[in-house]
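Note that this is a predicted model, so its numbers are computed, not measured.
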Amino acid sequence: MEGEKVRRRVIMAGEEMKPLTEARREVLSAMNRLPVIEPPLERAQGLALAADVVAPHPVPSFANSAMDGYAVRVADVAHPPVVLKISEDVPAGSVASGSVVAGQVIKIMTGAPMPAGAEAVVKVEDTEPLAGGKVRIMSSVPMGTAVRPAGGDLEEGQLVLPAGARLGPVHLGVLATIGVANPKVRRRARAAVLSTGDELFPLDSPTLPPGGIRDSNRPLLKGLLAELGVEILDMGIIPDQEEVLRSALLEASDRADITVTSGGVSMGEYDLVKHVLSTLGNIQMWKVAMQPAKPFAFGHINGTPLFGLPGNPVSALVAYEQFVRPSLLKMMGSQAVYRPRIPAAAGHDLRTNPLKTVFVRVVVQMENGRVVARSSGGQGSNVLSAAAYADGMAVVPVGVDVVAEGETVEVEMLRSPETRSEDEVPDE
């Protein structure tokens with residue numbers, strides 16, 4: 001929690017800043033859900049359910065064997081070893097023609113329906129085959145051993161997945177078990193992405209003129225959008241020409257569900273984006289009480305939401321995480337829209353600006369049974385290389401100028417540390 005200070009506007013050096021919680025709430029409230037579709041199950045991964053899914057039948061629908069072995073009556077194997085007659089063999093996908101009766105067993109494979117009269121399964125490892133269609137049982141078993149009961153996974157009428165659940169591979173498998181071939185989901189969003197500025201050059205530019213830089217924001221943002229399964233409309237690099245920019249923004253608003261720009265939203269007199277946006281729609285230029293990513297533009301062009309992110313790459317990353325990603329997840333019907341946060345101990349003093357919510361890029365590690373967060377490197381808004389090391393962002397709230405070593409801080413996780421190799425941990 002950021003306390004009472006975050007609920008009122010923050011004044012810094014004579015300028016008014018919008019609290020982050022207020023800005024996020026205002027942005028999210030302006031997002032509308034996308035239409036419901038019913039695609040084939042294999043094309044639904046990453047999409048969010050638009051309605052609860054209830055089991056139409058039990059899973060499994062019949063009691064079955066949990067292993068290869070012999071279906072038995074418990075009394076018959078109470079005093080091992082015992083020799084019993086094999087009355088028949090039941091592979092998976094078959095049904096026994098008879099019942100298990102006293103002195104007999106039925107050989108059964110994993111997944112095969114339990115025969116009538118059977119009370120348990122003795123695993124094959126605890127048996128010894130004999131001549132003449134007989135088997136020696138070497139161990140006793142309690143009632144119900146190695147039997148999967150009908151409805152043991154899901155009962156008929158049970159809630160399987162709630163509306164708003166984003167479908168991953170395991171979810172698809174669960175839906176397949178109950179015959180949901182075309183789940184009701186919100187369709188994928190389509191995002192138009194463009195970078196602005198005469199200083200930008202394509203990443204394959206062999207040389208750069210004085211003052212020129214390669215466009216890193218567009219690949220960064222496209223990668224982040226791809227993680228959400230969003231369809232991407234790449235509008236390229238737009239030069240500082242008013243009519244070209246105006247045309248690109250209008251095209252984006254017509255073809256996409258949201259538009260994401262980077263650059264040109266700060267206070268400089270050459271930031272053409274601000275001027276063009278002001279002529280196209282209801283766009284607000286905010287100074288958000290956050291670091292990095294204080295300058296941020298939000299509004300609509302022809303009803304299409306527009307997110308104007310700062311030009312510095314780390315600022316663009318942080319603004320995306322706080323505004324764009326949650327908005328897209330809401331549009332696509334997801335129940336959870338924000339990244340998970342975990343408590344961690346600061347591995348060293350984290351000094352920040354008490355007038356802003358500060359996002360410190362950190363590496364997260366387990367040390368002596370506790371989670372410890374340390375800076376991933378340089379914290380400048382242009383230092384994207386250090387952000388590449390980060391597992392998450394330590395969120396230091398308004399009103400705190402230093403988190404002392406050992407004190408607890410919330411970390412907004414960007415990835416699991418398990419996905420990082422040891423050589424990605426920066427030297428201290």
**Item:** Close side-chain approach of Val100 and Val72, heavy atoms under 4.5 Å
**Value:** no

**Message:** Between Val360 and Val403, is there a side-chain heavy-atom distance shorter than 4.5 Å?
**Reply:** no

**Asked** What's the spacing between Leu233 CG and Arg190 CZ if we round to 0.5 Å?
**Response** 5.0 Å

**Asked** Do the side chains of Val121 and Met114 get nearer than 4.5 Å, heavy atoms only?
**Response** yes

**Item:** Ser139 and Val122, any side-chain heavy atoms less than 4.5 Å apart
**Value:** yes

**Asked** Does any N or O in the side chain of Asn382 come within less than 3.5 Å of the main-chain N or O of Asn312, such that one atom is a donor and the other an acceptor?
**Response** no

**Thr196 (side chain) donor-acceptor with Ser262 (main chain) under 3.5 angstrom** = yes

**Prompt:** Given the rule in the side chain to side chain contact (heavy atoms under 4.5 Å, CB included) test, do Leu328 and Leu225 qualify, once you have shown the distances and angles that lead to the verdict?
**Reply:** CA-CA 9 Å; Leu328 283 166; Leu225 292 166; 3.3 Å; yes

**Approximate separation, where rounding is to 0.5 Å, of Ile237 CD1 and Ser195 OG** = 6.0 Å

**Prompt:** Is there side-chain contact between Leu317 and Phe359, with heavy atoms separated by less than 4.5 Å?
**Reply:** no

**Asked** Charged N to carboxylate O below 4.0 Å: is that the case for Glu367 and Arg374?
**Response** yes

**Side-chain heavy-atom pair Asp153, Arg148 within 4.5 angstrom cut-off** = no

**Asked** So, the side chain of Ser99 versus the backbone of Val101: is there a donor-acceptor pair under 3.5 Å, distance only?
**Response** no

N/O donor to acceptor pairs below 3.5 angstrom from side-chain atoms of residues 27-49, sequence neighbours left out:
residue: Ser29; atom: OG; partner: Arg25; partner atom: O; Å: 3.2
residue: Ser29; atom: OG; partner: Glu26; partner atom: O; Å: 2.9
residue: Arg33; atom: NH1; partner: Lys330; partner atom: O; Å: 2.5

**Asked** Rounded to the nearest 0.5 Å, how far does CG of Leu306 lie from CZ of Phe298?
**Response** 8.5 Å

**Asked** Do Leu84 and Val77 pass the side chain to side chain contact (heavy atoms under 4.5 Å, CB included) test, and can you show the C-alpha distance, the side-chain angles, and the key distance before you say yes or no?
**Response** CA-CA 9 Å; Leu84 300 171; Val77 297; 4.0 Å; yes

**Aromatic contact, Phe323 with Phe296 (centres under 6.0 Å)** = yes

**Item:** Atom CG of Asp204 with >12 non-hydrogen neighbours under 6.0 angstrom
**Value:** yes

**Message:** Given 3.5 Å as the limit, does a donor-acceptor pair link the side chain of Asp391 with the main chain of Val364, or not?
**Reply:** yes

**Prompt:** Do Ile213 and Leu200 have side-chain heavy atoms sitting under 4.5 Å apart?
**Reply:** yes

**Prompt:** Are Glu231 and Arg188 within salt-bridge range, i.e. N to O under 4.0 Å?
**Reply:** no

**Asked** Is the count of non-hydrogen atoms from other residues, nucleotides or ligands lying under 6.0 Å from Glu128 atom CD greater than 12?
**Response** yes

**Request:** Report yes or no: do Gln322 and Glu412 form a side-chain donor-acceptor pair below 3.5 Å?
**Result:** yes

**Message:** Within a 6.0 Å radius of atom CZ on Arg351, are there more than 12 heavy atoms belonging to other residues, nucleotides or ligands?
**Reply:** no

**Request:** Could you tell me whether the side chain of Leu161 reaches within less than 4.5 Å of the side chain of Leu167, counting heavy atoms only?
**Result:** yes

